[in-house]
Amino acid sequence: TGLYQSGNGYWLADTAGHVRAFGGANHWGNTSSTAAAEGLVDLAPTPDGQGYWMLTATGRLEGNGVLPWSPASTAPRSLAAGETFSTLALTPSGLGMWLFTSMGRVVNLGDAGRFPANGQAGQPDDMSGFVLNGPIIDSSPTPSGNGYYMVGSDGGVFTFGDAAFVGSMGGTTLNEPVQGLVPDPDNDGYWLVASDGGVFAFDAGFLGSLGGIVLNQPVVGMVSHGDGYLMVASDGGAFNYSTLPFFGSTGGNPGPDPVFAIASS
């Protein structure tokens, strides 16, 4: 997940670790079979788009391309019973990152800071002490690097540092679980997307959705792209809701392994 790219292309990543580049995005390589076997869950580009990191459910990190920084260890990390890593976000400098677990725990590396929650009792710096209605499924940093968002599959949004809370779908009965959160370009609102392609806008202009359309495969992610957002389904079908050009997808010719992430370059 990232906010800082130029939007001249994007990558699609599948569960076998293959990364496909579209538009001006460079192909920096795939990830290892070891990482793929541990369950790939997210891909995040470096701020300059010259590389990317992939995260596994066990907390293993693998990077490709030109990486300005690497953590001291990229090995799997300890987890509680039933806990998995689910998403990562890089700092604006590219010299640090946050790893988020399904239980809302935050692991900060490099120059990634810890920030108090907005509106949570006691202002914790993660959600690991709370019983969540749905696992944490996506995250995003703020442009300053002084905060971050988490979103649960129930549509609950949790904000930390200078991330502004402007609403959520928590407590609402959804047709399908939420899969992603993208802040709007002004960082004063955000969009959520569910697996049926329905988009929910909070202090962000509604740019369109796939809600009500029968999809070949469910939506598995959404990412910031220029002045809007990109969605991707597990067959690699990409859906562009921005003023940037559409650079293609694998929706008409899906590979043997499902896509799990899209990232803008």
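What you see is a predicted model, and the numbers here were worked out from it, not measured in a lab.
A donor-acceptor distance shorter than 3.5 angstrom exists from the side chain of Asp227 to the backbone of Thr243, with no hydrogens or angles considered. Here the side chain of Thr56 pairs a donor or acceptor atom with the backbone of Arg60 at under 3.5 angstrom. Side chain of Tyr52 to backbone of Trp28: a donor-acceptor contact under 3.5 angstrom is found. Looking at Ser265, its side chain does come within 3.5 Å of a backbone N or O of Gly9 through a donor-acceptor pair. A donor-acceptor pair under 3.5 Å links the side-chain atoms of His27 to the main chain of Val19, judged by distance alone. Not one N or O on the side chain of Asp257 forms a donor-acceptor pair closer than 3.5 Å with the backbone of Ala16. Of the possible donor and acceptor atoms, one in the side chain of Asn118 sits under 3.5 Å from a partner among the backbone N and O of Ala163. Using a distance-only test at 3.5 Å, with no hydrogens or angles considered, a donor-acceptor pair links the side chain of Asp42 to the main chain of Leu88. Here the side chain of Thr84 pairs no donor or acceptor atom with the backbone of Ser102 at under 3.5 angstrom.
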Pair Thr46, Leu90 - check side chain to side chain contact (heavy atoms under 4.5 Å, CB included), show working. CA-CA 7 Å; Thr46 58; Leu90 271 62; 4.3 Å; yes
Run the side chain to side chain donor-acceptor pair (under 3.5 Å) test on Asp162 and Ser144 for me, step by step, so that the C-alpha distance in whole Å, both residues' side-chain angles and the decisive distance to 0.1 Å come before the verdict. CA-CA 8 Å; Asp162 63 358; Ser144 69; 2.4 Å; yes
Apply side chain to side chain contact (heavy atoms under 4.5 Å, CB included) to residues Val223 and Tyr229 and explain how you reach the verdict. CA-CA 6 Å; Val223 68; Tyr229 45 86; over 6 Å; no
Does Thr87 form a side chain to side chain contact (heavy atoms under 4.5 Å, CB included) with Leu55? I'd like the steps, not just the answer. CA-CA 7 Å; Thr87 176; Leu55 173 69; 5.6 Å; no
Please step through side chain to side chain contact (heavy atoms under 4.5 Å, CB included) for the pair Val219 and Leu210, ending with a clear verdict. CA-CA 9 Å; Val219 168; Leu210 297 166; 4.2 Å; yes
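In this structure, Asp125 and Pro116 have side chains that are not in contact, with every pair of non-hydrogen atoms separated by 4.5 Å or more. For the pair Val157/Met150, no side-chain contact is recorded, criterion being any heavy-atom separation below 4.5 Å from C-beta on. Two residues are said to be in side-chain contact when any heavy atoms from C-beta on lie closer than 4.5 Å; His225 and Tyr241 fail this criterion. Within the 4.5 Å cutoff, side-chain heavy atoms of Val220 are placed close to those of Val232. For the pair Leu40 and Thr15, the minimum side-chain heavy-atom distance is 4.5 Å or more. Between Leu61 and Pro71 the shortest side-chain heavy-atom distance falls below 4.5 Å.
Taking CG of Leu230 as the reference point, atom CZ of Phe239 lies at 11.0 Å (rounded to 0.5 Å). The CG atom of Asp203 sits 8.0 Å away from atom CG of Asp184, with the distance rounded to the nearest 0.5 Å. The CD atom of Glu62 sits 7.5 Å away from atom CE of Met54, with the distance rounded to the nearest 0.5 Å. A distance of 3.5 Å separates OG1 in Thr58 from CD in Glu38, rounded to the nearest 0.5 Å. Taken to the nearest 0.5 Å, the CG atom of Asn240 stands 9.5 Å off from the CE atom of Met231. Rounded to the nearest 0.5 Å, atoms CG (Leu192) and OG (Ser168) are 7.5 Å apart.
Of all heavy-atom pairs between Gly189 and Ala204, the closest is C-CB, 4.3 Å. When all heavy atoms of Phe130 and Pro124 are compared, the closest pair comes out as CE1-CG, 3.5 Å. Closest approach of Arg20 and Thr250 over heavy atoms only: CD-CG2, 3.7 Å. When all heavy atoms are compared, the tightest approach of Ala263 to Leu43 is CB-CD2, 3.2 Å. Of all non-hydrogen atoms in Asp138 and Gly180, the two that sit nearest each other are OD2-CA, 3.2 Å. Here the shortest heavy-atom pairing between Gly167 and Tyr190 reads O-OH, 2.5 Å.
For Pro218, the side-chain contact (heavy atoms from CB on, under 4.5 Å) test picks out Ser195, Ser234, with sequence neighbours left out. Residues passing the side-chain contact (heavy atoms from CB on, under 4.5 Å) test with Val107 are Arg77, Phe85, Leu99, Arg105, Leu109, sequence neighbours excluded.
Screening Trp98, Tyr148, Phe100 for a ring-ring contact (aromatic ring centres under 6.0 Å, His included) involving Phe160 leaves a single residue, Tyr148.
Using cut-offs of 30° and 60° on the angle between ring planes, the pair Tyr10 and Phe247 is tilted.
Note: Phe158 and Tyr149 fail the aromatic proximity criterion, with ring centroids not under 6.0 Å apart. Taking the six-membered ring for Trp, Phe206 and Phe200 have ring centres at least 6.0 Å apart. No close placement of the Phe22 and Trp11 rings is indicated, their centers lying 6.0 Å or farther apart.
Side-chain contact check for Asp111 and Thr91: at least one donor-acceptor pair (N or O, by modelled atom type) lies under 3.5 Å. For the residue pair Thr101/Glu83, the side-chain donor-acceptor check at 3.5 Å is satisfied.
Hydrophobic clustering (side-chain heavy atoms under 4.5 Å, transitive across Ile, Leu, Val, Met, Phe, Trp, Tyr) keeps Met103 apart from Leu181. In the hydrophobic clustering of this structure, Ile137 groups with Phe202; members are Ile, Leu, Val, Met, Phe, Trp, Tyr whose side-chain heavy atoms approach within less than 4.5 Å, directly or through other members. Connection of Leu207 to Ile213 is established within a shared hydrophobic cluster, with ILVMFWY side chains joined at heavy-atom distances below 4.5 Å, either directly or through further cluster members.
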